[in-house]
Every structure is written in C-alpha cells, then in structure tokens.
Colleague: 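Right, I'll just put the structure down here and ask away after.
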Amino acid sequence: FSLSQVAKHNTADSCWVIHNNKVYDVTEFVSDHPGGDDLILDYAGKDITAIMKDVIEHAHSDAAYEILDEYLIGTLDDHPVTTAKDLDRDSLHRQRMKLLEEEEESKTYVKEDFKPLETDTITDIKKNNFLDLRKALIPQLYKARFTKEFYLEQVHKPRYMPNSAIFFGHPLLEPLSKTVWYVVPLIWLPVCAYHLSLSLVFGNPLLSVFSFGLGVGIWTLLEYLLHRFLFHLDDYLPDHQIAFLLHFTLHGFHHYLPMDRLRLVMPPTLACLIALPLFRLGHFLFPPMMAYGVIAGGLFGYVLYDCTHYYLHHAKVYKHHFREMKKYHMAHHYKNYEDGYGITSKLWDYAFGTVLSY
Ligand SMILES: [Zn+2]
Ligand SMILES: [Zn+2]
Ligand SMILES: [Zn+2]
C-alpha cells in the first residue's frame, strides 16, 4: 500500500493504521478500543508507531500488539524502514520535551525581559517526588534511589527560586559550592597571561599571536564538545547514584535551577580538573613554542565563554548577537536541552547539525 491509500481509510466505516511500516485494518476493533473509539479515529489513516510507544499519551501492553497483529492486511511500500532504536530514541525525546512544554516558561522565554515563575517548593516535591528544594540537595540525591530515566527527566525540568539553593548543607562545605561570576576572570586571566608570557620567551611574537588565535578557535570547539558530550552525557551516564551526583554537580544543577547566580559559572576547582588533562593534550599536540600560546588562547576563550554564559542568563543583553544568543540559550533550558549546545555562537551547532529552532 502507499501512504495516500492508507490515508483514505480514516473513518469509523473503514479505519486503517500503519505500525512499523505494516498496514492494519482495525475497523472492527475501533468500538472495542479500551481508550475509546475517538482516540483511534484521531489516528485513522495515519502512522501510529510512535504514538503507541508514547507512554504519556497512551500506554499499550504486549496484548495490544498481539491484537494489532490479527488485523494485518499488508505492508507499506517504498517507505524508509526506521529501526526500533531510532523510534525509542524519538519517543523518549518527545516524552522529555513534553515535560518542558507543560511549564509556563516554555512560552515566555523568548521575551526580552524574561523571568521564570517562582517554583512553589511544597507543590514541587509533592507533585514530582524529586528533590525537596527547601533542604540540602546533595545529601538528598546521595540517599535517593532514582531510576536514571526519572533523574534525567527531573533534573532537566527547570525550577526557579529567588535565592540560592542549599547544596551541601554543611557550614564549611556550603561556601565552596558557590562561585561569584567575576572569580572566573580574576583567577584565569592571570593564568592565561602567564602562559602567554612563557610563549613569548621563544622570541617569535608572530607565532605567539597565531597560536593564541588558534587556541581561541580550539576553545569554541571545546565549548561545544564539553557541553554536548560531557555535561550532557545523559543517556550514556552509568545507572548509579554516584554518577548522578557527578552529573548534577557538573551541569545537572544548572538545568535544575538555571538562574541560581552562585552556581552558574564553573567553580575554579572543577575547572582545574577539566583544564589539567587539556593542558597536557596541548603540550602533546603542539611544539613548546606553540603550546603555551594555544593554551593561553584556550583559557582566554574559556573566560569569555563563562562570562558570556552568566551575561546571557542575568543581564539585559546588548544588541543583535547577544540578544539572539540569549533567546537561543534560554531555548536550550526551557524548550529543548537535547539541541542548541553553543553558548557564545551557533557555529558548531551548524557544523554538527544540532541547531535549535525556537
Ligand atoms: Zn543533560
Ligand atoms: Zn545556561
Ligand atoms: Zn546544557
């Protein structure tokens, strides 16, 4: 059958549906459907593969698939075969994004003076059964036994509190969890200058300038790769509470409470852990006369990135590029966190095909 042939059978008198590229005549079954006949008729003449898997919309048991088999009348011709894995991925993605759509912010984030609604902490814990925002978050996450899917769903669902959340809840540890944004340039610009001066020792300023520029360029790629593959490790995350804790500390928290001013930029200790292997990589890939310059450029790019990230979240941004990037990044938080990984520009999103439309 062709798609258009199937599409004609879209009434209670003749109701055909497509499932996994097979065509079924379910006319007799329509009135017996446990979810009501109107629900099936909504999809009469259409492909129901995804909708049958979509748990939120409409849960189906194995028995449902067996019943479906009884009504098989043929297959769909010339139709690209989508694998079961793709479908799982697709329906999972749609299910996750649906949770974001439920929130008011999914409609208001494009506004210039966007401000999220304050989360009612009591309703939030009652409704979602995730973390209690009134108490220290890390101990709760450590003790809880969330499934990975539930953790990922909940942690990416943004909440908002006007004040900073409690992280460790320990008087000595708590200050360590907070980083004011200007700490980033204050600490890393001197390190950047130090590497640049080491580069100049080799006596070739032109090569230093070139290496520095190269380093900034490499950083823009790193910004994308780190955000997409390390911070949003998500589905490749080991199914273990400790892994959730690391994910939460690294980037999960920022999606959970995107506007928390003191947990937005990377704490210097965490940045060190990420930077040291990258410094080594730089020295491995480039000769000494270039490596210091490249690292200096990379650090400079990082400082610009982290400050830009804070700026996009908390400032009334200036003019075209930043205005665009602010909406783009808010869309990453409030509409679709599985796309739109660029913070300072969309360059690598275009290159890797993850541009987010909003
Ligand atoms: Zn993520
Ligand atoms: Zn952000
Ligand atoms: Zn993110």
Side-chain angles (χ1 to χ4, degrees), residues 89 92-100 103 105-106 108-110 114-116 130-131 141 146-161 164-165 179-181 184 220 222-240 243-267 270-271 274 302-317 322-346 348-349 352 354-356 358:
R89 190 64 239 145
L92 189 64
H93 176 75
R94 258 181 292 111
Q95 189 181 322
R96 287 173 176 173
M97 296 317 139
K98 212 167 210 163
L99 285 170
L100 295 194
E103 304 297 315
E105 283 82 2
S106 72
T108 55
Y109 72 85
V110 268
F114 164 70
K115 205 167 182 241
F130 187 50
L131 302 173
L141 188 57
F146 298 129
T147 65
K148 184 167 119 180
E149 192 39 49
F150 179 75
Y151 166 76
L152 289 175
E153 257 173 37
Q154 286 297 323
V155 85
H156 290 103
K157 199 175 149 91
R159 275 80 163 177
Y160 172 67
M161 298 199 298
S164 277
T179 315
V180 189
W181 72 270
V184 170
T220 65
L222 270 178
E223 167 192 318
Y224 178 87
L225 295 177
L226 287 172
H227 188 195
R228 179 170 176 189
F229 295 109
L230 181 67
F231 298 171
H232 286 277
L233 193 65
D234 297 12
D235 288 317
Y236 301 97
L237 202 66
D239 198 344
H240 193 281
F244 301 169
L245 274 179
L246 286 173
H247 179 274
F248 190 74
T249 311
L250 212 53
H251 195 59
F253 181 92
H254 179 56
H255 275 267
Y256 183 56
L257 289 160
M259 303 304 273
D260 194 322
R261 287 172 180 269
L262 297 174
R263 274 71 172 246
L264 208 162
V265 296
M266 181 74 67
L270 220 54
I274 296 176
Y302 159 69
V303 171
L304 286 187
Y305 146 80
D306 230 356
C307 293
T308 304
H309 187 199
Y310 188 87
Y311 180 66
L312 295 181
H313 272 275
H314 288 291
K316 207 168 159 4
V317 289
F322 291 113
R323 225 171 255 177
E324 178 65 23
M325 289 318 291
K326 178 170 179 141
K327 284 182 201 165
Y328 191 68
H329 186 59
M330 290 307 120
H332 171 71
H333 279 288
Y334 294 98
K335 188 184 174 211
N336 176 1
Y337 52 85
E338 295 187 334
D339 269 328
Y341 297 101
I343 309 285
T344 49
S345 85
K346 300 181 191 173
W348 296 105
D349 276 317
F352 288 98
T354 51
V355 181
L356 174 54
Y358 51 86

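Predicted, not measured: the structure shown is a model, and the values here were computed from it. Any value given below was found using the heavy atoms of this structure, including those in side chains, with hydrogens, waters and symmetry copies removed. In listed order, ligands and their atoms are each counted from 1.
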Colleague: Answer with yes or no whether the side chains of Asp306 and Tyr302 bring together a donor and an acceptor at under 3.5 Å.
Modeller: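 The answer is yes; a qualifying pair exists.
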Colleague: Do any N/O/S atoms of Asp234 come under 2.8 Å of the Zn ion (ligand 1)?
Modeller: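 Yes.
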Colleague: Have a look at the Zn ion (ligand 2) and estimate, to 10 degrees, the angle subtended by NE2 (His329) and NE2 (His254).
Modeller: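 That angle is 170°.
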Colleague: Just checking, is any N or O donor in the side chain of His247 or His255 under 3.5 Å from an acceptor N or O on the other one?
Modeller: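 Per modelled atom types, His247 and His255 side chains form no pair under 3.5 Å.
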Colleague: If you round to 10 degrees, what value do you get for the angle at the Zn ion (ligand 3) between His232 atom NE2 and His332 atom NE2?
Modeller: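 With the Zn ion (ligand 3) as the vertex, NE2 (His232) and NE2 (His332) sit 100° apart.
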Colleague: Would one find an N, O or S atom of His333, in either backbone or side chain, under 2.8 Å from the Zn ion (ligand 3)?
Modeller: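 No, His333 does not qualify, because none of its backbone or side-chain N, O or S atoms lies under 2.8 Å.
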Colleague: Just to the nearest 10 degrees, tell me the angle at the Zn ion (ligand 3) spanned by His251 NE2 and His255 NE2.
Modeller: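 The NE2/NE2 angle about the Zn ion (ligand 3) sits at 90°.
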Colleague: Please determine, by modelled atom types, if His314 and His309 share a side-chain donor-acceptor pair under 3.5 angstrom.
Modeller: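 Side chains of His314 and His309: no pair found under 3.5 Å.
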Colleague: Between Tyr341 and Phe231, does the ring centre distance come in under 6.0 Å?
Modeller: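 No; Phe231 has its ring centre 6.0 Å or more from that of Tyr341.
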Colleague: Can you tell me which N/O/S atom of His227 has the shortest distance to the Zn ion (ligand 3)?
Modeller: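 So the atom name we want here is NE2.
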Colleague: Between His329 and His333, is the ring centre distance below 6.0 Å?
Modeller: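 Yes; His333 has its ring centre under 6.0 Å from that of His329.
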